[in-house]
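Input: a single structure, listed below in structure tokens.
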Amino acid sequence: MPTDRPYDLVLFGATGFTGGLTAEYLARHAPDRLRWALAGRNPAKLAAVRERLAAIDPGLAELPLLTADVTDPASLRAVAESARVVATTVGPYVHHGEPLVAACAAAGTDYVDITGESEFVDLMYVRHHAEAVRTGARLVHACGFDSIPHDLGAWYTVKQLPADGPVTVDGYVRAGGRFSAGTYHSALTAFARTGEMSRAARARRAVEPRPDGRRVRAVPGRVGRVREFGQWAAPLPTIDPQIVRRSAAARPEYGPDFRYRHFAAMKRLPTVLVSGVGLAAVVGLVKVPPTRRWLLGRLASGQGPSAEQRAKSWFRVRFVGAGGGRRVVTEVAGGDPGYDETAKMLAESALCLAFDDLPETAGQLTPVAAMGDALLERLVRAGITFRTLTA
Ligand SMILES: NC(=O)c1ccc[n+]([C@@H]2O[C@H](COP(=O)([O-])OP(=O)(O)OC[C@H]3O[C@@H](n4cnc5c(N)ncnc54)[C@H](OP(=O)(O)O)[C@@H]3O)[C@@H](O)[C@H]2O)c1
């Protein structure tokens, strides 16, 4: 990683809802030696964020501000060339994300984001993975609630099972919380682009090598009752199972034959059914341009849940792992998944890439493949629970 750059970390999108929380997290928790800067397209908004940070730590009153816009490639090149790591919260990523990935891949700069958009991640693999391998850049997507708890939780579970035979892991997500405008816009954008999503996945499959002599799969499960903790579960087709599968492809610890399934867990069967019907209705509505425009207009950029609402939010992901005749149930849990914990996960991922002793890797990587235990230990120190319920 280049060491002769002015900044260890540049945070792009600091003027947005999640970017602002990430900046505040860094102001409270980053080590004193961190050399960092905020980047965004609007200098006045950036200065207002810096004032908020100076109220937390007066030493940040002169924090450097970099003006950069995703429509201006030279401004992104300047950001990428000034930093060892760039963290970005500028989404929807499928609309705004690629120019920064391209700039970081070209400059050999590590990159982290909080996308949950599989179309974007697949396209970035097809278009920028090879260049990042050449320059040594680590491109790590999905470093927020999508997909850190699931990726690191499956990793934590697998490490408790023998790796010399088939291993299966099922993940069950429960969460309570509200959405920001950015999440709402990105989710509606993804629902409207299922055709593009499938095309990007096919393009990736055509060029991505398969793991040598090993089998790794993420397969959809069925609606049913989970015997281990007496709840109902329905398959959850987020990006998370794809990330877990790619981690399994990258690391031998998942064994010669690994299978992952991903579910939403709910207390009552009717909730499962109503949620499924509700989701199908929204997916149908966003495919029609006038209703999509109406839905997108409901929330303005920068809006998100209040501190009081976030304080009541929570997540809990349980994993049931099996292999070599052993069965283990684990749990990853924390507070507000979408924002407070996502800001923490993004900031800790960026600090991990900047400062920790990590395996030599490059190109597009999952959080586990790039950071594994180093990130897990950071998150535990930062208050996210990883524990084994039964072994
Ligand atoms: N994975 C997860 O769990 C998770 C959790 C939370 C959020 N997210 C994702 O994170 C993203 C941000 O969410 P949010 O709620 O923070 O959104 P937001 O408040 O709308 O913030 C969007 C940010 O993007 C910036 N931006 C927009 N267009 C730009 C351009 N042309 N050049 C430079 N910057 C530009 C905005 O700058 P201005 O302030 O100048 O408009 C703002 O800083 C979304 O994609 C969301 O889905 C993911």
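Computed over heavy atoms, backbone and side chain alike; hydrogens, waters and symmetry mates excluded. Everything numeric in this text was worked out from a predicted model, so none of it was measured. Ligands are counted one by one from 1 in listed order, and the atoms in each one are counted from 1 as well.
In terms of N/O distances under 3.5 Å, ligand 1 is approached by G16. Considering backbone and side-chain atoms alike, T18 places an N or O below 3.5 Å from some N or O of ligand 1. At least one N or O atom of F145, backbone or side chain, sits closer than 3.5 Å to an N or O atom of ligand 1. Of the polar atoms of D146, at least one N or O is found under 3.5 Å from an N or O of ligand 1, judged by distance alone.
With respect to atom 11 (C) of ligand 1, the closest heavy atom belonging to the protein is T89 O, 3.5 Å. Ranking the protein heavy atoms by distance from atom 44 (C) of ligand 1 puts S186 OG, 3.3 Å first. Ranking protein heavy atoms by distance to atom 26 (N) of ligand 1, first place goes to V90 CG1, 3.6 Å. Shortest contact from atom 33 (C) of ligand 1 to any protein heavy atom: F12 CZ, 3.6 Å. The nearest heavy-atom contact from the protein to atom 37 (O) of ligand 1 is T15 OG1, 3.3 Å. For atom 32 (N) of ligand 1, the nearest non-hydrogen atom of the protein is V70 N, 3.1 Å. In terms of protein heavy-atom proximity, atom 27 (C) of ligand 1 is closest to R41 NH2, 3.5 Å. The nearest protein atom to atom 9 (C) of ligand 1, hydrogens excluded, is given as I114 CD1, 3.8 Å; this is a heavy-atom distance.
Counting non-hydrogen atoms of other residues, nucleotides and ligands closer than 6.0 Å to CZ of R259 gives a total above 12. The number of heavy atoms from other shown groups lying within 6.0 Å of CZ (R225) is above 12. Summarising the local packing, CZ of R174 is surrounded by more than 12 heavy atoms from other residues, nucleotides or ligands at distances under 6.0 Å.
Distances below 4.0 Å separate heavy atoms of Y93 from the following atoms of ligand 1: 45 (O). Proximity to T342 (heavy-atom distance under 4.0 Å) selects the following atoms of ligand 1: 3 (O), 5 (C).
Residue contact check for ligand 1: G338 places a non-hydrogen atom closer than 4.0 Å to it. Ligand 1 does not have T71 within reach: every non-hydrogen atom of the residue lies 4.0 Å or more from it. Residue contacts with ligand 1: G13 is included, with a non-hydrogen atom under 4.0 Å away.
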#### Entry: Verdict with reasoning, F17 to Y339, per ring pair (Phe, Tyr, Trp, His ring centres under 6.0 Å)
CA-CA 8 Å; F17 187 72; Y339 307 99; 5.3 Å; yes

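Looking only at atom types and distance, the side chain of E348 has a donor-acceptor partner in the side chain of Y25 under 3.5 Å away. If you check the side chains of T330 and T157, you find a donor sitting under 3.5 Å from an acceptor.
Heavy atoms of K45 found under 4.0 angstrom from ligand 1 belong exclusively to the side chain.
For the pair E24 and R52, the salt-bridge criterion is met [side-chain N within less than 4.0 Å of a carboxylate O]. Remark: D151 does not engage R246 in a salt bridge, criterion side-chain N to carboxylate O under 4.0 Å.
Under the 30°/60° scheme for interplanar angles, the aromatic rings of H262 and Y260 are found to be tilted. Classification of the H141-F120 ring pair by plane angle, with boundaries at 30° and 60°, yields perpendicular.
Once rounded to the nearest 0.5 Å, the distance linking CG of D146 with CD1 of I114 reads 9.0 Å.
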